[in-house]
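Everything on this sheet refers to the single structure shown next.
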Amino acid sequence: MDVSHIFDDLNDAQREAVAAPPGPMIVLAGAGSGKTRVLTHRIAWLVEGYQISPLSILAVTFTNKAAREMRNRVERLLGVPLGAMMMGTFHGLCHRILRAHADEAGLPKTFEIIDSDDQYRLIRRVLKDMDLDEAYWPPKQLQWAINSHKEEGRRASDLPENGDFQHQTMKRVFEQYDKYCARSGLVDFAELLLRTLELFKNNEVLRAQYQARYQYVLVDEFQDTNSIQYQWLKLLAGERRNLFAVGDDDQSIYGWRGARVENLLNFERDYAGSKLIRLEQNYRSTSTILKAANAVIAHNSDRMGKELWTEGDEGEAIVLYGASNDLEEARYVVEHIENWLAAGNARDSIAILYRSNAQSRVFEEKLMQAGIPYRVYGGLRFFERAEIKDALAYMRLISNLNSDAAFERIINQPTRGIGNKTLEMIRAQARAQEQSLWLAARTLISAQSLPARAATAVSRFLDLIATMQSEIEGLELHEQADAVLARSGLLEHYKKEKGERAETRVENLEELINATRNYETEDEDDLDPLSSFIAHAALEAGEGQAAEWEECVQLMSLHSAKGLEFPLVFLTGLEEGLFPHQRSIDEPGKLEEERRLCYVGMTRAMQKLVISYAEIRRLHGREMYTQPSRFLAEIPPSLLHEERSYRLHSAPSYRQPSAAGHSGSAPDGLSLGGRVKHQKFGLGTVVTVEGAGEHARVLVNFEEVGSKWLVAAFANLQSA
DNA sequence: GAATGCGAAGGCAGG
DNA sequence: CTTCGCATTC
């Protein structure tokens, strides 16, 4: 048998990983070391070399995009379609399993997936029902807490009974929230995973069935798995222990989302005799870029150890640009882009990376002025837009009348004379009877307990939904969508609205019909097309903008850049407080994650890397003095070519991040993160410095009394 | 009940 | 600087 097409273009380490005998195995794959190649070739080798049926292989990824790409590449390698081979995201796979075994999992057949926005609304609803003040119980925090618990495999009933008041309340909200979900058949993202894990844990028959089916399990981006995902994988792999995990501890950047790098270390402990292979040869970047990235990441402790190298050229020095302010930073970046383009390079060879999405605006303005097409990743995705969510809510309600989230969203959208008062009565009824809003509304109408006007409006609405439900039955999916948009009055409502925004909304709605037309129901789904599409919309939020194939400069956050590569990369906003982010500075663990983020950013660059920072940055509508990021001082100076804006006030200070670098402008001795002592307030940390000289104000976070704004000239702060 | 205007609060990363 | 809830007015 000729298997040369599988092994020929692999290096030794890659070949060793691909050809390894079945059994537990970790591939520690550095950035640009051919991770996806190893995964795809491994699958090809299992199929051709070991004659494993593709149906016995399960490949798990984190994004739909990665799953699609893997499938395509394996198909190309093997030259045959993979058909029903299981490849997908954790969430997508769990969704399928739960659909197939809704009964066993204790879910209604028609359960629907809610995204984080729906979840947020729902939690606020619960808080209101429980008479809790949002000011004291921030819904965002509760949402975060609930999700974290679920990601660790804890349910409300697992929380201790005897915590303090805060924990007690948290527990109650959690309980109420889950009750609400159960009542309306809602499943959030974390629940999707937890439910499936519990199903496997508690149902031996089912577990055995899946273990028998998936004899080989492969995971991509293993460092991003959370606690239950890892348990899930272990359960599936079972006694056979054929778990092939690919990951990179240095690229673990989703700790805030529950990801556990420790899983990489636990793997070796849990699977005695497991094999570990390092891929350290990089095929992406110049040696200069790699040396710099290696130097930065070396400042982290708790690494599994890995150093990238390349046979490639040294390449150009990394440019480090110190700008006087954020506008100037953007000006420089755009100027640099113009030169690069003038040299004959393509626009899509360029990426501008930043820590937080808010930073994109300045770059957008300057690019627009220069007439350079660009594309911003992130931000509002297609299926997250208000008008699309409205349209989907109609579809959701039609396919599941008990969907309260959908009901609330559209009962008065477009306005049909049902106000808060009426809605509140329906809610009260629903709460009292523990039934869905739909049922509650019906009850109220038949009991004639609503005012005449409201009753007419509500029964009109109920009739509308019921009529639509019967009208669209049996139609093609896109005809259903079309009918829903027309009958609901949504399209008309947005058409009547004036302004540019309304126009894009109408366009988006039309795009939604296109999306339904192109949507192909997944093979093994036994759902009706409409429900299938709704689930698809929740699981895959879609691109930030409708696909424009014009060649564009790419703007994106560091997080969304993971897995991508560009000849020219701008790594911007390297300032203390921004990158590393303020909320990460005090905790060593979080700081290391920021450093990994920096490493991810640097290793995106193939030929040229430009790093920049600004001395003054406008943030949240305030001008702030900033200090160069500590990460800059971690790059060997010999690899850098420094350029600076002539307007800079002071000598470069990034070499000593802790020293007061702005003696000319910032008040003496006060630097961000510096420890100070105030006569009355005691010890504290400088959080923000604003203004200069006599007018300088500082925000100090005091240990005893919290944050206070002080005028530096009068505060008489001593450095401590 | 709907439209408009005001003040307070929140502000990171992503599926 | 924005968004969102709330109160006021129509």
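Chain letters run A, B, ... following the sequence lines, proteins first and then strands; every chain starts at 1.
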Margin query: Using heavy-atom distances to pick each residue's nearest nucleotide on DNA chain B, tell me which of A:Glu384 and A:Pro138 is more 5'.
Written below: A:Pro138
Next item on the list: Using heavy atoms to find the nearest nucleotide of DNA chain B for A:Glu151 and A:Lys590 separately, return the residue whose nucleotide is more 5′.
Entry: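 Counting from the 5' end, the first nearest nucleotide belongs to A:Lys590.
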Item checked: salt bridge (charged side-chain N to carboxylate O under 4.0 Å, His left out) involving A:Glu575 - partner list, sequence neighbours excluded ->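 Applying salt bridge (charged side-chain N to carboxylate O under 4.0 Å, His left out) to A:Glu575 gives A:Arg617.
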Notebook entry, point to check: Mind checking what makes salt bridge (charged side-chain N to carboxylate O under 4.0 Å, His left out) contact with A:Arg121, not counting sequence neighbours?
Noted result: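 With neighbours one apart ignored, the set is A:Asp117.
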Tell me the interatomic distance from [X], atom [atom1], to [N], atom [atom2], rounded to whole angstroms.
X	N	atom1	atom2	result
A:Arg257	B:dG15	CZ	P	6 Å
A:Gln119	B:dG14	CD	C1'	14 Å
A:Asp224	B:dG14	CG	P	13 Å
A:Arg361	C:dC1	CZ	C1'	8 Å
A:Leu353	B:dA13	CG	C1'	14 Å
A:Lys140	B:dC12	NZ	C1'	11 Å
A:Ile253	B:dC12	CD1	P	17 Å
A:Gln229	B:dG15	CD	C1'	11 Å

Return the nearest nucleotide to the side chain of [X]; candidates are [options].
X	options	answer
A:Ser116	B:dA13, B:dG1, B:dG15	B:dG15
A:Arg618	B:dG11, C:dC1, B:dG14	C:dC1
A:Thr422	B:dG11, B:dG1, B:dG15	B:dG1
A:Trp256	B:dC12, C:dC1, B:dG14	B:dG14
A:Phe189	B:dG11, B:dG14, B:dG15	B:dG15

Distances for protein N/O vs nucleotides 5-8 of chain C N/O pairs under 3.5 angstrom?
from  : atom 1 : to       : atom 2 : distance (Å)
C:dG5 : OP1    : A:Arg124 : NH1    : 2.4
C:dG5 : OP1    : A:Arg124 : NH2    : 2.7

Counterpart residues, side chain to side chain donor-acceptor pair (under 3.5 Å), relative to [X] (two or more places apart):
X	result
A:Asn300	A:Arg595
A:Glu408	A:Arg427
A:Asn357	none
A:Glu384	none

Notebook entry, point to check: More than 12 non-hydrogen atoms from neighbouring residues, nucleotides or ligands closer than 6.0 Å to CZ on A:Arg303, yes or no?
Noted result: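 Count over threshold, so yes.
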Check: Within a radius of less than 6.0 Å around CZ of A:Arg416, do more than 12 heavy atoms belonging to other residues, nucleotides or ligands occur?
Finding: yes
Check: So does A:Ser557 get a side-chain nitrogen or oxygen closer than 4.0 Å to the phosphate oxygens (OP1/OP2) of B:dG14?
Finding: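 Answer yes for this pair, as a side-chain N or O of A:Ser557 is under 4.0 Å from OP1 or OP2.
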Check: Side-chain N or O of A:Asn357 less than 4.0 angstrom from OP1 or OP2 on B:dC12?
Finding: no
Item checked: For A:Trp144, ring-ring contact (aromatic ring centres under 6.0 Å, His included) partners two or more places apart -> none
Using a cut-off of under 3.5 Å, enumerate the N/O to N/O pairs linking the protein to nucleotides 2-6 of chain B.
from  : atom 1 : to       : atom 2 : distance (Å)
B:dA2 : OP1    : A:Gly417 : N      : 3.0
B:dA2 : OP2    : A:Asn412 : ND2    : 3.4

Checklist line | Gap in Å between the two P atoms, one belonging to C:dC4 and one to B:dA13, rounded | finding: 16 Å
Notebook entry, point to check: Within 45° of the ring axis of A:Phe111 and under 6.0 Å from its six-membered ring centre, is that where the NZ or CZ of A:Arg99 lies?
Noted result: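 Verdict for A:Phe111: a cation-pi partner in A:Arg99.
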Next item on the list: Indicate, with a heavy-atom threshold strictly under 4.0 Å, whether A:Asp115 touches base, sugar-phosphate, or nothing.
Entry: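 No contact at all - A:Asp115 keeps every heavy atom at 4.0 Å or more from the nucleic acid.
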